[in-house]
Amino acid sequence: MLKLKDVNLAYGPIAAVRKASIDVEAGEVVAIVGGNGAGKSTLLKGIAGLMPVSSGQIIFDGEEISRLAPHKRVARGIALSPEGRQVFPDQTVYDNLTLGAYFRRLSNDALDAEVEEQFKLFPRLRERRDQLAVTLSGGEQQMLAIARALMGKPRLLLLDEPSLGLAPKVIQEIFGIIVSLRKSGITILLVEQMANMALAIADRAYVLETGSVILSGTGQQLLHDPKVRAAYLGISHNAA
Ligand SMILES: Nc1ncnc2c1ncn2[C@@H]1O[C@H](COP(=O)(O)OP(=O)(O)OP(=O)(O)O)[C@@H](O)[C@H]1O
Ligand SMILES: [Mg+2]
């Protein structure tokens with residue numbers, strides 16, 4: 001479904017992603033793990049079209065999208081739930097959700113039906129429908145960010161650090177939702193520093209280090225890889 005071929009992404013003179021080649025098959029959960037500054041968010045921004053590739057190709061459904069505007073990538077079925085949520089703080093939960101479907105030009109009834117679908121997936125958002133997003137807890141804002149991305153009806157969902165700053169119980173809840181989204185047929189590219197949890201649910205994964213893919217394999221292979229365990233899982237974690 002998605003193929004990155006030797007993709008380079010840079011901030012001016014600073015290379016952030018170097019020659020990344022990554023494949024995502026339809027129906028998979030693919031994880032990208034790596035430490036701070038490894039280039040994970042940059043990679044997702046490149047796929048979403050929020051920053052231009054300096055070289056290399058991004059192919060989605062057999063079509064090269066490397067130079068396509070972000071909104072056209074959304075229209076083709078790619079949605080990003082960005083790092084740090086970035087919900088619109090002074091808009092209600094309902095308005096944040098409808099903005100996620102803005103480009104689809106739905107009737108009000110159709111829009112309400114789709115919002116209702118998100119409320120089924122995230123019941124806590126239903127209770128907070130008319131609350132301003134700024135008043136939500138971190139976990140609720142994360143749910144809103146994911147639900148807003150889903151309002152675009154993506155076939156490929158890019159999730160940037162959905163666990164960031166959340167309590168373990170909420171993280172479990174979010175990961176449960178990711179697993180149920182996969183069951184519903186959405187393909188997911190998941191960026192995470194919580195490498196143990198991401199690898200545990202991922203079909204396949206890539207390890208990024210200073211902008212380069214240094215390892216790849218199935219989630220289970222990487223979960224048990226000594227290098228990954230030492231570098232990203234920490235000795236205090238019992239990932240297995
Ligand atoms: N707007 C920017 N301008 C210049 N350099 C940037 C910018 N954003 C990121 N970088 C640099 O690009 C590199 C990759 O950053 P990126 O945010 O992609 O890392 P990350 O893997 O997502 O890290 P984290 O886990 O902390 O979110 C880092 O060296 C970072 O300093
Ligand atoms: Mg990041």
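Each ligand, and each atom within it, is numbered from 1 in the order the structure gives.
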message = Under a 4.0 angstrom heavy-atom cut-off, which atoms of ligand 1 come close to T42?
response = 14 (C), 15 (O), 16 (P), 18 (O)
message = Tell me the protein heavy atom at minimum distance from atom 27 (O) of ligand 1, and give that distance in Å.
response = E83 OE2, 2.6 Å
request  = Identify, by name, the N, O or S atom of E83 lying closest to the Mg ion (ligand 2).
outcome  = OE2
inquiry  = I want to check something: taking the side chain as every heavy atom from C-beta on, are L121 and Q118 in contact at a cut-off of under 4.5 Å?
reply    = yes
Of all pairs that satisfy salt bridge (Lys or Arg N to Asp or Glu O under 4.0 Å), the ones with a partner from residues 68-93, not counting sequence neighbours = E63-R76
inquiry  = Using heavy atoms and a 4.0 Å limit, tell me yes or no: is G12 in contact with ligand 1?
reply    = no
ask   = Identify the closest protein heavy atom to atom 6 (C) of ligand 1: which residue and atom is it, and at what distance?
value = Y11 CD1, 3.3 Å
inquiry  = Does any N or O of ligand 1 fall below 3.5 Å from an N or O anywhere on G34, backbone included?
reply    = no
query = Considering only protein heavy atoms, which is closest to atom 25 (O) of ligand 1, and at what distance to one decimal place?
reply = K40 NZ, 2.7 Å
note = ligand 1 to A16, heavy atom cutoff 4.0 Å, flagged ligand atoms 12 (O), 13 (C)
inquiry  = Is there a polar contact, in the sense of an N or O pair closer than 3.5 Å, between A38 and ligand 1?
reply    = yes
inquiry  = Applying a strict under-4.5 Å side-chain criterion to I, L, V, M, F, W and Y, I'd like to know whether V30 and F60 cluster together.
reply    = yes
ask   = Are I14 and L9 in one and the same hydrophobic cluster, where Ile, Leu, Val, Met, Phe, Trp and Tyr link if side-chain heavy atoms are under 4.5 Å apart?
value = no
key: Residue pair L150, F122: steps toward the side-chain contact (heavy atoms from CB on, under 4.5 Å) verdict   = CA-CA 12 Å; L150 290 172; F122 302 96; 4.2 Å; yes
ask   = Hey, does the side chain of R18 reach the backbone of T210 with a donor-acceptor pair shorter than 3.5 angstrom?
value = yes
ask   = Does the R204 side chain pair with the main chain of D23, one donor and one acceptor, at a distance under 3.5 Å?
value = yes
ask   = Are there protein heavy-atom neighbours of atom 31 (O) of ligand 1 below 4.0 Å?
value = no
ask   = Which is closest to atom 23 (O) of ligand 1 by heavy-atom distance: G37, A15, G35?
value = G37
ask   = Do you see an N/O/S atom of S41, backbone or side chain, under 2.8 Å from the Mg ion (ligand 2)?
value = yes
remark   = Quick note on ligand 1: atoms under 4.0 Å from a heavy atom of Q193 include exactly 24 (P), 25 (O), 26 (O)
key: Taking atom 17 (O) of ligand 1 as the reference point, the nearest protein heavy atom with its distance   = S41 CB, 3.8 Å
ask   = Has the side chain of R124 got a donor or acceptor atom that lies under 3.5 Å from a matching backbone atom of G139?
value = no
inquiry  = With no hydrogens and no angle check, just 3.5 Å: does a side-chain donor-acceptor pair link S55 and N8?
reply    = yes
inquiry  = Does ligand 1 come near enough to N36 that some N or O of the ligand is less than 3.5 Å from an N or O of the residue?
reply    = yes
key: Exercise: do E64 and S66 side chains pair donor with acceptor under 3.5 Å   = yes
